[in-house]
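Here is the structure we will look at.
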Amino acid sequence: MLRVLRLQLLFLLCCLGIPTLAEQVDFSHLYKQIDTARQQGDMDKADQLALSYSELANQQKDLVEQGKAYYALGRNAMERNNYPEAKKQLQQAVSLFQQSEQSILLANALRQLGLTFRYQSDYSTALNYAYQAMHIYQTEQDTSAIASAYNTIGTILEKMGQYEEALQAHQNALKLHNELGNQSGIASAIYNVGDLFRVMGDNDKALSYFLQSLELDMASGDPRDIAYSHNKLGYLYSESGNFAQAEQHLNQALALFKQIHAPRDADWARTNLAKLAMEQADYAKAQQLLDGVIGRAIEQHYKSLLVDAYKLGAELAINKGDNNAALAYIDAGVTQARLNNERADEAQLEKFRVEVLIKQDAVREALAALQRQKQLDDDIFNTKRVTAIASIQAQVDFTRQQNQIELLKKEQALQQVKTEQQKSARNLWILSLIAGFVILLMLYRRHIQKRLNRLLVQQVDARTLELNQKNQELQLAYQKLETISLTDKLTGLHNRHFLESHIENDLDHCQRLYQDWRAGKTAKPENADLVVFLIDLDNFKALNDTYGHNIGDEVLKRLKHRMQQVFRQTDYLVRWGGEEFVAVARFIHREDAKTLAQRFIETIQQSPFIIEGLAPLQVSCSLGYACYPLDMNQQNSHWPTLLRLADLSLYAAKYSGRNGWVGIEDCKTQLTSANISDAQLQHWLDQNKVIVHHSFPGSLYWQQP
């Protein structure tokens with residue numbers, strides 16, 4: 001049987017043009033054949049060649065060539081998106097390269113291993129491997145490899161949310177590739193910079209970078225890179241409403257992914273095509289594409305892609321008005337996202353759940369889903385902080401390693417000087433009869449020693465100063481990351497994390513002022529109240545359906561200016577989610593709340609939104625508010641209760657006709673929980689325990705008529 005297998009192997013080697021062991025094995029030529037087959041997308045041939053390479057290397061018992069065979073198999077597995085297999089093969093390569101002391105090959109394997117962890121969302125581990133590779137490349141002074149390592153580090157930092165550091169890494173890679181004239185490397189760096197701008201929301205810059213990247217990729221001829229550029233361009237054109245261009249690029253991406261046998265990437269392109277069909281209201285086509293993607297993702301264990309498909313399925317069902325199907329997608333997506341530990345996707349799915357439950361008037365369930373979403377958002381916020389710290393630590397460790405290398409070089413130089421000094425001493429002993437000359441040499445040696453010591457001290461001081469400056473830069477980068485995490489990307493307003501981080505201090509300060517008054521320590525405080533305004537644009541979904549989400553986003557962006565016209569710089573202005581906004585008027589008199597509410601309603605109603613290419617858009621909003629303290633004469637409940645009362649007031653404004661406001665200024669009942677229903681509030685109103693003001697001419701409706 002073994003003999004038959006060997007004969008079959010010999011036949012295969014001959015067919016592929018590979019020399020047998022009876023001939024001299026040209027491993028370099030065979031390795032180039034594997035790389036060429038991979039670049040041309042012929043993965044079956046690439047795998048056959050890599051297996052043959054491995055067999056020949058094993059028979060010759062060559063550790064280096066065995067390691068290169070494992071590395072080639074790992075690269076092939078990555079091309080097929082089989083990351084567990086890629087990780088196994090690359091770890092074998094790392095072990096063999098360490099044994100054979102092949103530093104550059106070891107660094108290449110470490111960098112590719114880091115990429116497998118990146119694709120599986122283990123970014124801290126990925127960054128650690130990337131910095132190990134960078135350390136080796138810099139020690140070996142391999143400029144081309146250093147540039148590739150910068151690209152890898154940049155893509156990992158982008159996934160960790162460290163956008164400025166990621167951009168700097170990609171720019172370093174672009175500079176080095178440009179100096180080397182490496183067109184493929186330039187294209188990769190430009191693509192990565194474009195993707196970074198896409199993530200940061202600057203689609204215009206991203207589009208220009210992707211177009212340039214596609215042009216360079218077409219010149220180099222790598223089908224995978226070309227497919228990636230087409231796919232990103234299709235996504236961006238879809239986002240900007242240029243559906244014809246989007247469909248053209250996405251179909252080209254799909255065809256190339258099929259050609260190179262990358263099934264997961266092909267379904268990635270199909271997912272974007274399904275989203276494009278949904279944006280064009282071709283729900284049947286979108287559903288057909290999505291069903292196929294979900295089926296294959298389940299079968300092939302494309303776990304992350306499966307969550308993306310479930311999210312798109314939920315959004316599609318919501319657009320079709322099929323709430324039950326939407327909830328089914330949401331349940332399946334939440335389950336898979338938890339298994340993947342993808343909290344951001346889980347939070348997005350819970351947001352969809354809130355939207356569906358509100359449409360079904362399931363207010364209690366919607367509130368529970370909203371609380372789960374808030375908890376997930378808080379967990380994500382904390383995780384990002386930990387991840388950012390891990391990234392900074394990795395960069396500090398890398399800097400320390402570089403510093404240790406410099407110190408080692410200095411020690412070697414010092415040792416060399418000491419050796420020379422010993423030689424000089426022996427010469428002086430031989431020439432000891434010439435006493436005067438000996439004295440001169442000794443004085444000269446002392447002078448040289450002092451100069452060397454001063455030089456070493458200066459160099460150490462300079463390196464210490466440089467390290468301190470780097471640490472300061474890392475601290476500033478961390479502070480910038482924290483600022484980004486507290487800001488809504490679309491509108492530039494603060495987000496809910498900012499408000500929840502600051503509101504408790506204001507509530508405590510307000511409560512202390514009233515406690516001192518109730519205890520007789522001070523006069524009754526003036527301009528000491530807080531008023532929470534909850535704002536919601538009326539019929540915003542209809543506006544999106546009529547003009548598209550891009551126009552809807554423009555309206556949301558310009559709402560920031562309207563809010564700044566009414567509220568002060570010291571007030572908190574927050575995008576709460578979707579078309580909902582929160583404004584907290586800080587330390588005013590509660591009697592002014594009605595004036596602010598009416599002024600804001602009129603500001604929105606009387607000034608149409610002017611957007612280029614469209615007739616003026618007439619938009620209105622509804623507003624609910626609650627004042628704090630709820631009862632000036634006793635200890636009050638805190639933030640969740642206050643927010644719930646403002647929310648109930650907003651719903652009353654919606655149910656009573658929209659384009660108006662409702663506010664709760666006083667509440668003479670003890671509130672022990674934020675779970676207040678509209679029926680309870682109506683009961684307190686009937687007992688005159690709650691004082692409500694509003695702008696509607698008739699009676700208020702606390703429930704939907």
Side-chain angles (χ1 to χ4, degrees), residues 344 347-359 363 366-381 484-504 506-507 530-541 543-544 549 552-553 555-564 566-567 571-586 593 596-597 600-601 603-604 619-628 638-654 658 661-664 674 676:
Q348 180 63 45
L349 286 160
E350 290 294 352
K351 181 180 178 182
F352 286 150
R353 192 193 302 276
V354 173
E355 182 179 348
V356 174
L357 291 173
I358 288 175
K359 289 181 179 179
V363 178
L367 179 59
L370 185 61
Q371 290 172 338
R372 288 195 297 273
Q373 181 193 345
K374 177 186 178 299
Q375 182 61 50
L376 287 166
D377 288 341
D378 291 342
D379 291 344
I380 293 166
F381 178 70
I484 292 171
S485 69
L486 296 176
T487 304
D488 176 60
K489 183 170 67 176
L490 177 66
T491 63
L493 295 169
H494 292 305
N495 61 19
R496 64 196 305 161
H497 297 302
F498 173 87
L499 182 57
E500 289 166 355
S501 300
H502 291 75
I503 192 65
E504 291 294 344
D506 284 356
L507 294 172
L530 299 175
V531 182
V532 178
F533 297 88
L534 197 56
I535 301 162
D536 188 88
L537 293 179
D538 295 331
N539 301 313
F540 188 72
K541 183 179 183 303
L543 186 147
N544 272 336
H549 289 282
D553 287 348
V555 171
L556 295 178
K557 291 177 187 176
R558 299 182 187 197
L559 191 65
K560 172 184 177 180
H561 178 64
R562 305 291 177 91
M563 294 179 75
Q564 290 172 335
V566 175
F567 298 101
D571 296 333
Y572 297 146
L573 305 181
V574 174
R575 185 184 181 199
W576 195 247
E579 67 271 22
E580 275 195 336
F581 294 79
V582 170
V584 179
R586 305 172 64 223
L596 286 173
F600 188 78
I601 294 294
T603 298
I604 300 299
V619 180
S620 67
C621 70
S622 299
L623 182 150
Y625 70 82
C627 299
Y628 188 86
H638 277 121
W639 173 241
T641 304
L642 190 64
L643 184 63
R644 177 58 178 161
L645 291 174
D647 193 40
L648 287 170
S649 299
L650 172 62
Y651 274 103
K654 290 283 189 184
R658 296 188 175 89
W661 54 268
V662 176
I664 297 175
I676 304 168

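Looking at every heavy atom in both residues, V574 comes nearest to R496 through CG1-N, 3.8 Å. Pairing each heavy atom of A653 with each of L623, the nearest pair is CB-O, 3.8 Å. Taking every heavy atom of both residues into account, A593 and C627 meet most closely at CB-SG, 4.4 Å. I604 and C621 make their closest contact through CG1-SG, 3.9 Å (heavy atoms, listed as atom of the first residue, atom of the second, distance). Closest heavy-atom contact between L537 and L556: CD1-CD2, 3.8 Å. G552 and N544 get closest at one heavy-atom pair: CA-OD1, 3.3 Å.
Side-chain polar atoms of S622 and D536 form no donor-acceptor pair below 3.5 angstrom. D506 and Y628 share no side-chain donor-acceptor pair at under 3.5 Å.
The closest side-chain heavy-atom distance from V662 to Y651 is not below 4.5 Å. When side chains are defined from C-beta on, Y625 counts as touching F533, because their heavy atoms get closer than 4.5 Å. A heavy-atom distance below 4.5 Å is found between the side chains of L370 and V354. Using a 4.5 Å heavy-atom cutoff, the side chains of V582 and I535 are not in contact. Side-chain contact check for D488 versus H494: every heavy-atom pair is 4.5 Å or farther apart. Taking 4.5 Å as the limit, some side-chain heavy atom of L499 sits within range of a side-chain heavy atom of W639. Inter-residue side-chain proximity for F600 and L596 is flagged as unmet; no heavy-atom pair is nearer than 4.5 Å. Looking at V619 and L543, their side chains come closer than 4.5 Å, going by heavy atoms from C-beta outward.
Separation of atoms OG1 (T603) and CE (M563) is listed at 11.5 Å; rounding is to 0.5 Å. Atom CD in Q564 sits 6.5 Å away from atom CG in L573 (nearest 0.5 Å). The distance from the CG atom of L493 to the CZ atom of F581 is 6.5 Å, given to the nearest 0.5 Å. Separation of atoms CD (Q348) and CD (Q373) is listed at 7.5 Å; rounding is to 0.5 Å. We find the CG-CG distance between D647 and L642 to be 11.5 Å, quoted to the nearest 0.5 Å. Here the straight-line distance linking atom NE2 of H561 with atom CG of L559 works out to 11.0 Å at 0.5 Å rounding.
Applying the salt bridge (charged side-chain N to carboxylate O under 4.0 Å, His left out) criterion to R353, with sequence neighbours excluded, gives D331, E350. Annotation: salt bridge (charged side-chain N to carboxylate O under 4.0 Å, His left out) contacts of E355 (sequence neighbours excluded): K359.
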Quick one: do R575 and N495 satisfy side chain to side chain contact (heavy atoms under 4.5 Å, CB included)? Show the steps, please.
CA-CA 5 Å; R575 185 184 181 199; N495 61 19; over 6 Å; no
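For Y572 and F498, the ring centers are positioned less than 6.0 Å apart.
In this structure, D538 pairs ionically with K654, as a charged nitrogen and a carboxylate oxygen lie closer than 4.0 Å.
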